[in-house]
Amino acid sequence: MIGTARSPVTATPLLAVATFAAFWAFGAIVELGPWLERSALALAGVTAVIMLVRLISRSRSLPTLAGAAATFLVLVPLYARGEDGTRFILPTPSAVTALFRTFADGATYAESTARPAAVTLEYESLLTLGVLVLFVAAEHLAVSWRAVATAGLLLLAPWAPAVATRRSVPGVVVVVALAAWVLALAISRRGSPVGRRIPWTTSLLATAAVLVVVALVVPTAIGGSGWGVIAERYAPDLFDGRNTRLDLDLDLRTSLTENSQTAVFAYVSPAGRADAFRVYTFADFDGASWNYRDPAMSNVAAAGPVLWPTEVTDWATAPRAPITVAMLSLTASNLPVPVAPRTVDVSGNWFYDAGTDQIVGDQTTTHDLTYSILVDFAYQNAKVLRETDAEAALGQAKDLTDPAYVAIPSAVDLPRVLALTREVTAGTTTRYDQALAIQTYLRDPNRFTYDTSSSIGGGDAVSAFLDSGHGYCLQFATTMVMMLRSIDIPARLSEGFLPGTASSDGTFVVRGADAHAWPEIYFPGRGWVRFEPTPAVQTGPPPAWADPDPNRAPVPGDATSGDVPVVPVGPDEGTNSPATPAPTGDRTGGLPVWVIPPIAVLIAAAALSAFLWRRRGDRAHHGSLLGAEAAWQRLNRRLREAGWPASATPIEATSHVLRAIRAANGRPVRSESVTALLSLSAAVSDQRYAPSAEEVSQAQLSMWVDEVVAEAEATTGKETRGRPARGGARNAPQAGS
């Protein structure tokens, strides 16, 4: 039947482009690099094989089988390695064994590494296999069975990691993937009953229209006020390659930072480098990961009052430091602010939640936001923090009673953690000294090593960290929180950014590599206080109020944050005014140059296949079966007023023509004309619904057309087009229906 006809072969390279572009979203779990280039070349080779087979065969299954075979033949020389490292070229039994061993090693590596993982040869083999298998399956559905829409569901699979982890994807990649799929859908659309082709210009215009509608309408339909809102919680920021966000699914088995040099925001501070900027706070821990709870929206506007969970009585005389912040690529629903009393001058619907000390946006985000802060960094100090225990004992300050901040999940080995905490804090008498002792213990380089490549498993991440002695900020911070809670000190985990580095003009730039997690402890009457258990190699010195040796010389790494070389910000990336930081950082999000050749090859293949398909179609159009359709269209045009609507079936069209001729002639239609019309109608039906129909010559088709046209023109005395009149006078009564 016509419903099972194949799509044009031009859809094949379009599906290849859509498949390859979709795999760019894998940057959420792996590091993008040369493996994409090799996968692209392998995909181009498999695409070429499938297209070639489709051009020489009308089979639905043979091209797919050829693509599967080509996939195997491509993977062997790329990834099959002997135990001594030798490369296999031919698919011998030894090569097959070596290839599957590579797949198995890749699966083992994928299970044990933290995201985003460095791509080894073994891991690359799995990724490339996934690219090729997905393409062959999607191409079979889209081209063999004209199910392009269903194939689109398969092509959504690679986007799942980006959606689940809220990672941004360069906008150009999304546009390329969507455009390729929509164009394949457009050119594969079933034709009208009379077999008219859809012009390429129409397909291109339809594709462009769909992209415009998606870009403009979908954000409103979802319910947000723009891409910034949508990207924050519900999907990756697909159309803005510069956006960065913090991962709210804090799993101790994965590193928090991607070690990125993307500039997320910049700030100007006449007082110098600020302390860390907190964005989110977490209270609930299950043994392996932290779960974020949306705070209840308060009615306290962020702009105006002093924002702090406890009363600040001496704000007017406090040494307040002004900070002006400009968002560059960070999209967050909470406002980044230092962990100290502050006032905020910000536009938009921002509200303060004193219970969590977070500034929360109501239907707004930090997208392209600029705001000012006045903050008192001198508010906390060792003397006042040591005095809080005595004040609480005398009833002069209330302690925090929320059980969530002292809860320890059953997955954590509490006896072990409690025993260690008591050992570390032995001899201390105040909450502050206990916290300082735990911080000093975890920062000891003789006991613990900062290591972003650390990989742990199991449900008790704290015990795993204590066993290994290797970890990143999230593991250090979580361990300190659990140790504090084991002795009933309210503590929580916070997520945000270290204070960044200064550019040549004095603007401080905070980058993706500065993403950080730290513990905060509640002190009666003083609120939440940040401590820093992560070693100095990553964080520099702890905050001034939590530094046991504030007069010591700086340690290596204090001047910068992050464990990677810092890329200096050039003069053109800074600001010409000290008041407001100018946009800077990595905003392009474009494709690497090496991607252009594979895409060019696929586009050229699409153009060549389109040309060959059209030539093949033109040749078939003059053949017997397609010729019946052409003759049917020609008859409709020549009958003029007696022609039928395009939506009519062959049977409906036949009845329409007979009625029209009978009404015009005032007599029954001649039997010869009826026979010709019925024969032509049957040939068209066979062509549409019975691919194995008996062939009819072009000459016979033309005779049937001329016979029917001659009968239709008999009342006007016109000569029949293409042949002399038969049977004498055209108005003579004739037999027939």
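The figures here come from the full heavy-atom set of this structure, side chains too, leaving out hydrogens, waters and symmetry mates.
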Checklist line | Approximate separation, where rounding is to 0.5 Å, of I50 CD1 and S144 OG | finding: 9.0 Å

Item checked: H656 side-chain N/O to G643 backbone N/O, donor-acceptor pair under 3.5 Å -> yes

Check: Is there any salt bridge (charged side-chain N to carboxylate O under 4.0 Å, His left out) pair reaching into residues 88-98, and which pairs are they, with sequence neighbours excluded?
Finding: none

Note to self: If I take atom CG from residue L78 and atom CD from residue E124, how far apart are they, to the nearest 0.5 angstrom?
What the structure shows: 7.5 Å

Checklist line | Salt bridge R638-D706, side-chain N to carboxylate O under 4.0 Å | finding: yes

Check: Out of curiosity, R38 CZ to S125 OG, how far, rounded to the nearest 0.5 Å?
Finding: 11.0 Å

Check: Do the charged groups of R54 and E139 touch, with an N to O distance under 4.0 Å?
Finding: yes

Check: For the side chain of E652 and the backbone of T649, is there at least one donor-acceptor N/O pair under 3.5 Å apart?
Finding: yes

Next item on the list: For the pair T654 (side chain) and L678 (backbone), establish whether a donor and an acceptor sit closer than 3.5 Å, ignoring hydrogens and angles.
Entry: no

Notebook entry, point to check: Taking atom CG of L701 and atom CH2 of W632, what is their separation to the nearest 0.5 Å?
Noted result: 11.5 Å

Item checked: Interatomic distance, T108 atom OG1 to Y123 atom OH [nearest 0.5 angstrom] -> 12.0 Å

Check: Is it true that a side-chain atom of W181 and a backbone atom of V148 form a donor plus acceptor pair closer than 3.5 Å?
Finding: yes

Checklist line | Heavy-atom pair of closest approach, residues V173 and A21 | finding: CG1-O, 3.0 Å

Note to self: Would you say that V17 contacts F135 through its side chain, given a criterion of any heavy-atom pair below 4.5 Å between the two side chains?
What the structure shows: no

Margin query: Please find the pair of heavy atoms, one from P650 and one from V684, that lie closest to each other, and give the distance.
Written below: CG-CG1, 4.1 Å

Checklist line | Nearest-0.5 Å distance that lies between atom CG in L73 and atom CD1 in I89 | finding: 12.0 Å

Next item on the list: Please examine the side chains of L14 and I187, heavy atoms only from C-beta on, and report whether any two atoms are closer than 4.5 Å.
Entry: yes

Next item on the list: Spell out, as yes or no, whether a donor-acceptor pair under 3.5 Å connects the side chain of R634 to the backbone of V705.
Entry: no

Check: So, the side chain of S681 versus the backbone of L677: is there a donor-acceptor pair under 3.5 Å, distance only?
Finding: no

